[in-house]
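Worksheet for the structure shown next.
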Amino acid sequence: MTGQVQPTQQAPPVQRLRVRYAKRGRARFTSHRDFARAFERALRRAGVPMAYSSGFSPHPRISYANASPTGAASEAEYLEIALAEICDPEKVRAALDAALPAGLDIVHVVPASSGALADELTGSRWRIDLLGIEPQVLADAVERFLAATSVLVERMTRTGLREFDARSAVLSLTIEGESLVLVVVHQVPLVRPDDVLTALRTLAPALGPVVPISTRLSQGRLDPSTGEITEP
């Protein structure tokens with residue numbers, strides 16, 4: 001009888017870096033899975049000394065949190081990487097930015113704090129561009145939404161069709177020109193810009209179908225009393 005082969009045990013990481021990246025232009029149509037593949041290729045091309053998980057199929061130690069939905073642009077996406085060597089964060093930022101496709105841009109790289117990244121992401125500020133909507137129709141829809149105590153919407157999720165309250169997550173909703181700016185509290189399931197638009201159309205059918213361009217402006221720890229978001 002032969003002994004069971006044990007998987008290789010990898011050395012623990014010596015540094016963790018927190019990465020802020022943006023999805024701009026046509027890159028907003030990049031799915032989370034496609035981004036993950038592009039990011040792993042960029043790590044290899046940039047020569048970043050990644051730490052790997054142990055086991056029979058080691059993989060680079062990357063932690064993702066709260067990725068934006070496909071089709072939405074973002075200035076504030078976050079992930080963390082674990083390294084096998086100490087590196088200069090700015091050099092890692094520049095190397096990764098050069099290795100990624102246009103529109104997937106590395107904004108900041110800093111040493112990660114000791115806490116979990118997901119715990120630092122409790123709210124987001126979004127802008128929804130709505131071209132060609134009558135100002136009064138939009139104003140009426142926003143007024144009805146803010147006056148409501150609850151607005152139920154449905155969305156298909158990984159576990160099937162779910163009904164949830166879109167109103168409870170919205171801390172503020174304002175009109176700026178032809179855009180909506182909203183601050184949302186992260187809850188389960190996450191309320192997305194398209195959920196808020198569905199709720200607005202439910203309350204004000206005159207709003208009709210729209211083709212929005214949604215952009216996450218910031219994401220981090222939300223102060224519910226002020227609406228301020230602190231970058232993690």
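This chain uses plain numbering: 1 for the first residue, then up along the sequence. Just the heavy atoms: all of them, side chains too, but no hydrogens, waters or symmetry mates, feed the values below.
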With heavy-atom distances below 4.5 Å as the criterion, would you say the side chains of [X] and [Y] are in contact?
X: E40; Y: I62; value: yes
X: N66; Y: H186; value: yes
X: L203; Y: V151; value: yes
X: L182; Y: V196; value: yes

Would you give the length of the straight line joining atom [atom1] of [X] to atom [atom2] of [Y], rounded to the nearest 0.5 angstrom?
X: E75; Y: R127; atom1: CD; atom2: CZ; result: 8.5 Å
X: L43; Y: L83; atom1: CG; atom2: CG; result: 9.0 Å
X: D140; Y: Q136; atom1: CG; atom2: CD; result: 4.5 Å

Closest contact, heavy atoms only, A38 versus L100: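 A38 and L100 have their closest heavy atoms at O-CD2, 3.8 Å.
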Steps toward side chain to side chain donor-acceptor pair (under 3.5 Å) verdict (S124, R216): CA-CA 7 Å; S124 292; R216 196 200 311 259; 2.8 Å; yes
Quick check: is [Y] connected to [X] through a chain of hydrophobic side chains (ILVMFWY, heavy atoms under 4.5 Å apart)?
X: V92; Y: Y64; result: yes
X: W126; Y: I229; result: no
X: I128; Y: F29; result: no

Evaluation steps, ring-ring contact (aromatic ring centres under 6.0 Å, His included), between H59 and Y52: CA-CA 5 Å; H59 57 270; Y52 282 77; 8.1 Å; no
Qualifying residue for side chain to side chain donor-acceptor pair (under 3.5 Å) with E231, from H108, R20, R18: R20
Working for side chain to side chain contact (heavy atoms under 4.5 Å, CB included), residues L121 and Y78: CA-CA 9 Å; L121 304 177; Y78 291 93; 4.0 Å; yes
Ring-ring centroid check Y21 F39, cutoff 6.0 Å: no
